[in-house]
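Single-structure report; data block below.
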Amino acid sequence: MKFILILFFSSIMLLSSEIIKDLNIDELKGDFLYKVEKENLPIGFITTDDEVKRKIDKDIAYASLYLKEMEKSEVEQLKYVMLVYLSRKEQEKIVKSASNEVTKDVALSYYVANKKEFYFARTVDIVTVSFKDKKEAQKFKINDTLPKNSQMQSYNDVEYKVMFPAYLMHLDHLKPNELSEVISYRDRYMRVYYKENKPEGYMTFEKAYPLIKNILLGKKSAKLLNNALKKAGYEGK
Amino acid sequence: MKVSKLFFILFFIKFAIASDIKELPKEFLKTFDNYVSYATKEDIKKLYDMELSYMRFLHSYDEFKELTQRYEKPLKITIAEVKSLKDDEILITIDKVIKKANSKETESVYLQQKWFKVDGKYYILSNYSILPE
């Protein structure tokens, strides 16, 4: 991505100002955004209209910020914006044509060779119940109705290895659904337990397939776009 | 005493490595033999087919050709060491014998190779990072 940006930025210097120096900047800006909206350009693998617009706006904002820092003129900012626009159109064409090539066989080879990317750690749902009164805390059992002035909080899908905050670290011996002893914390009394949730494992290939498709198309489009820009003479330094 | 101890250690290491190679699956050894045959004949098309399919999706045949031609044509390739052996992943060190530049002599180059088993077949993962961006 950095490389592409460098290519973009360096290309600004190469574009001839003759092309657009006499044009009305505001008019062009309006025209550019109109085109984006009218043509309903899907960019990369972004599918909704809003996402397309947001992506373009982000690029424009980023380019403007960068160029402002560089004290570039509005003409140069616009040149960059146009370049982004044209490049994205080109990128979209490439992605569209390559999309069918990411078959399940192709994706499976990525899945096998990069399995670590699809690993998820063991997670648990952790529940803390706090009481104002120590006796109530001592009497409490899981599934009991909570007495007044008590609070229950549940934290879902917490990674097992990091589930206990520092002040509860000594409870890491707890088994699933085993209630902790009463813990005095500030002016309240707490009981803690956790539920067995998801064991560690790997995302199935079926679930990973659409993600892999995006990863590969992203890599492919970035690479082909680099090549296209290089061919067009926008060589990065 | 010291020399004999060293000899024993060296013998043990050699034996240990050899037994590792023996543990490699038969299908893999067959694939590796094919790889050696294609590499020594510089059959780039066949070598490209041995690449993981996602790498073939990302890198064209021409890029692969460029990558392959950056290396000296191997005269002989053997497995020097099995670094790790998992169900669907094999990491080996190969001993690649090549001709020394401007000389009739040969030399060994040791390289690591990663192979993956996808859908029952073994494929190699080449390192394209040496190609210019």
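Every chain is numbered from 1 and lettered A, B, ... according to where its sequence line falls, protein lines coming before strand lines. It should be emphasised that the depicted structure is a prediction, and the values quoted were computed from it without experimental measurement.
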*Please flag which part of K117(B) lies under 4.5 Å from any non-hydrogen atom of chain A: side chain, backbone, both or neither.*
backbone
*For E89(B) and S84(B), does a side-chain donor sit closer than 3.5 Å to a side-chain acceptor?*
no
*Please flag which part of L58(B) lies under 4.5 Å from any non-hydrogen atom of chain A: side chain, backbone, both or neither.*
both
_Side chain to side chain, L47(B) and S126(B), heavy atoms closer than 4.5 Å_ = no
_Working note: E117(A) + Y110(A), criterion side chain to side chain donor-acceptor pair (under 3.5 Å); need CA distance, chi angles, decisive distance, verdict._
CA-CA 10 Å; E117(A) 287 180 24; Y110(A) 184 90; 2.9 Å; yes
*Out of Y111(A), F118(A), Y119(A), which residue meets the ring-ring contact (aromatic ring centres under 6.0 Å, His included) rule with Y202(A)?*
Y119(A)
*asked:* Less than 4.5 Å to any heavy atom of chain A: does that hold for the side chain of F57(B), its backbone, both, or neither?
replied: both
